[in-house]
Amino acid sequence: MLNLCDPKTIRQVMDMFGLNFKKEFGQNFLTDNMTVEDIADACNDDKDITVVEIGPGIGCMTRELCERYSRVVAFEIDSGLIPVLKYTLDEYKNVTVLNQDIMTADLESVLAPYFEMGKVAVCANLPYYITTPILMKLIESKLPFDSITVMVQAEVAERLAAGAGNKNCGAITAAIDYYGHAELLFTVNADRFMPPPKVNSSVVRIDLWKDKPVVPIDEELFFKTVKAAFEQRRKTLPNSLMTGFSEISKERLTELIISCGHRPDVRGEKLSVRDFCTLSDAIYHELNK
């Protein structure tokens, strides 16, 4: 059996198909078998599920997912890797490889048959340059994914899993917390990739809520509040919110923040999702009185 984590094998397979690593697709392939196995194990607690993989590369992770889970659907944007995957995954009959960009794919249509079969989870080694857009597409699709396990830049992983009050907390933290619970699992050193990136990576698993713990009156206003709170991180919350709600005076915004139980000099990073929900509801009432 091919060891697709072995650098020599990776090079041989790439040469066999006349391919080079493409920076525009953020191609950095894992070269550590144990890390690949750990990520595959962490993907989901159930085995009789469908796993959606984003960016399978030459199929190193894909093979481990096929070994563990009932069905695997892999989205690969690079058409040059499709024949490679046909070669490396030939022995597996439970995998479907789609030459599609995850950002433009019609996920609802493509994945509908798999949701009918049962749980669907996501597993991906995400390119650094498009991590947040992919995550937001997945969770904002409103598709009932059970969990999303991703390897991302270590700094981004810290933001995804940061709790309220943590200096790493940002708008993406609040968005992830609104849709589910994120846990930072482990870090992967840069030297475990080919070619090695300039920074380390970390693996995060997001278990999505079946029923959200908090639900704002107006979801769009909730996210507008979150975005405004973090657009100017060094400013206090009243000043930050002015950028998003100029129709409300700073004095009134300060009063609303105090009425929600916060100090007037509080910053957005101190608020939990529940706090943002309460605040956005207060702003909703202010705008509609």
Side-chain angles (χ1 to χ4, degrees), residues 25-26 39-40 42-57 59 61-62 65-66 68-79 81-82 85-86 89 92-127 129-152 156 160 171-182 204-224 226-227 273:
F25 293 146
I39 297 172
C43 175
N44 202 266
D45 300 326
D46 293 339
K47 302 306 175 186
D48 186 20
I49 65 169
T50 299
V51 175
V52 175
E53 185 184 14
I54 302 168
M61 175 81 68
T62 319
L65 294 173
C66 288
R68 288 163 174 75
Y69 304 100
S70 296
R71 295 163 297 278
V72 177
V73 181
F75 287 82
E76 176 53 61
I77 188 175
D78 185 357
S79 58
L81 288 173
I82 301 304
L85 290 165
K86 184 177 180 180
L89 302 176
Y92 295 100
K93 308 308 176 187
N94 60 335
V95 61
T96 300
V97 177
L98 302 173
N99 183 200
Q100 295 186 29
D101 180 353
I102 193 68
M103 290 302 297
T104 57
D106 183 351
L107 295 183
E108 183 175 4
S109 175
V110 172
L111 299 178
Y114 298 97
F115 280 110
E116 291 177 1
M117 296 181 199
K119 289 183 180 179
V120 178
V122 176
C123 189
N125 173 12
L126 292 181
Y129 74 97
I130 200 170
T131 294
T132 298
I134 290 177
L135 279 176
M136 293 310 296
K137 169 163 183 173
L138 291 173
I139 62 177
E140 289 179 346
S141 71
K142 304 297 176 67
L143 293 173
F145 294 114
D146 190 69
S147 63
I148 299 173
T149 303
V150 290
M151 181 160 58
V152 298
V156 174
L160 295 178
I172 185 64
T173 315
I176 294 297
D177 286 350
Y178 177 70
Y179 287 106
H181 171 71
V204 175
R205 173 167 149 172
I206 306 165
D207 290 301
L208 300 176
W209 306 123
K210 302 298 181 292
D211 297 297
K212 296 185 184 71
V214 294
V215 179
I217 296 173
D218 185 324
E219 188 173 89
E220 184 177 344
L221 185 65
F222 167 83
F223 283 109
K224 183 179 179 181
V226 169
K227 181 180 178 182
V273 169

Check whether more than 12 heavy atoms from other residues, nucleotides or ligands sit under 6.0 Å from atom NZ of K224, and answer yes or no.
yes
Check this for me, if you would: do K119 and D48 make a salt bridge, where the nitrogen-to-carboxylate-oxygen distance has to be below 4.0 angstrom?
no
Report the distance from atom CD1 of I134 to atom OH of Y129, rounding to the nearest 0.5 Å.
7.0 Å
Within the 4.5 Å heavy-atom criterion, are I77 and I102 side-chain neighbours or not?
no
Do the side chain of S141 and the main chain of E108 share a donor and acceptor less than 3.5 angstrom apart?
no
Nearest heavy-atom pair of G57 and L81: which atoms, and what distance?
O-CD1, 3.6 Å
If only atom types and distance count, is the side chain of N94 paired as donor or acceptor with the main-chain N or O of Y69 below 3.5 Å?
yes
Side-chain contact, heavy-atom cut-off 4.5 Å: F222 with V214?
no
Is there a side-chain contact (heavy atoms from CB on, under 4.5 Å) between L107 and F75? Walk through the geometry before answering.
CA-CA 10 Å; L107 295 183; F75 287 82; 3.9 Å; yes
Would you mind reporting whether V51 and I49 have side-chain heavy atoms less than 4.5 Å apart?
yes
Nearest-0.5 Å distance that lies between atom CD1 in I148 and atom CD1 in I176
7.0 Å
Can you tell me how far apart CD1 (I139) and CZ (F145) are? Round to the nearest 0.5 Å.
11.0 Å
Kindly compute the distance separating CE (M103) from CD1 (I54), expressed to the nearest 0.5 Å.
9.5 Å
Before giving the answer on side-chain contact (heavy atoms from CB on, under 4.5 Å), spell out for L143 and V120 the whole-Å C-alpha distance, their side-chain angles and the decisive distance to 0.1 Å.
CA-CA 9 Å; L143 293 173; V120 178; over 6 Å; no
Backbone N or O of A182 within a donor-acceptor pair of the D207 side chain at under 3.5 Å?
no
To the nearest 0.5 angstrom, please state how far the CE atom of M151 sits from the OG1 atom of T131.
10.5 Å
Minimum heavy-atom distance between Y178 and V273, given as atom pair plus value:
N-CG2, 3.8 Å
Distance (rounded to the nearest 0.5 Å) between T149 OG1 and I39 CD1:
9.0 Å
Assess whether atom NZ of K86 is packed by more than 12 heavy atoms of other residues, nucleotides or ligands within 6.0 Å.
no
Using only atom types and a distance under 3.5 Å, with no angle test, would you say the side chain of R205 pairs donor to acceptor with the backbone of A42?
yes
What are the two closest heavy atoms between N44 and D46, and how far apart are they?
OD1-N, 3.0 Å
For A40 and M61 the tightest heavy-atom approach is N-SD, 4.1 Å
Can you name the closest pair of heavy atoms from M136 and A175 and give their distance?
CE-CB, 3.9 Å
Determine whether I206 and L135 satisfy the following criterion, side-chain contact (heavy atoms from CB on, under 4.5 Å), listing intermediate values before the conclusion.
CA-CA 10 Å; I206 306 165; L135 279 176; 4.2 Å; yes
Could you check whether any side-chain heavy atom of F223 comes within less than 4.5 Å of a side-chain heavy atom of P216, counting everything from C-beta outward?
no
I need the minimum non-hydrogen distance between T173 and L160, along with the two atoms involved.
CG2-O, 4.2 Å
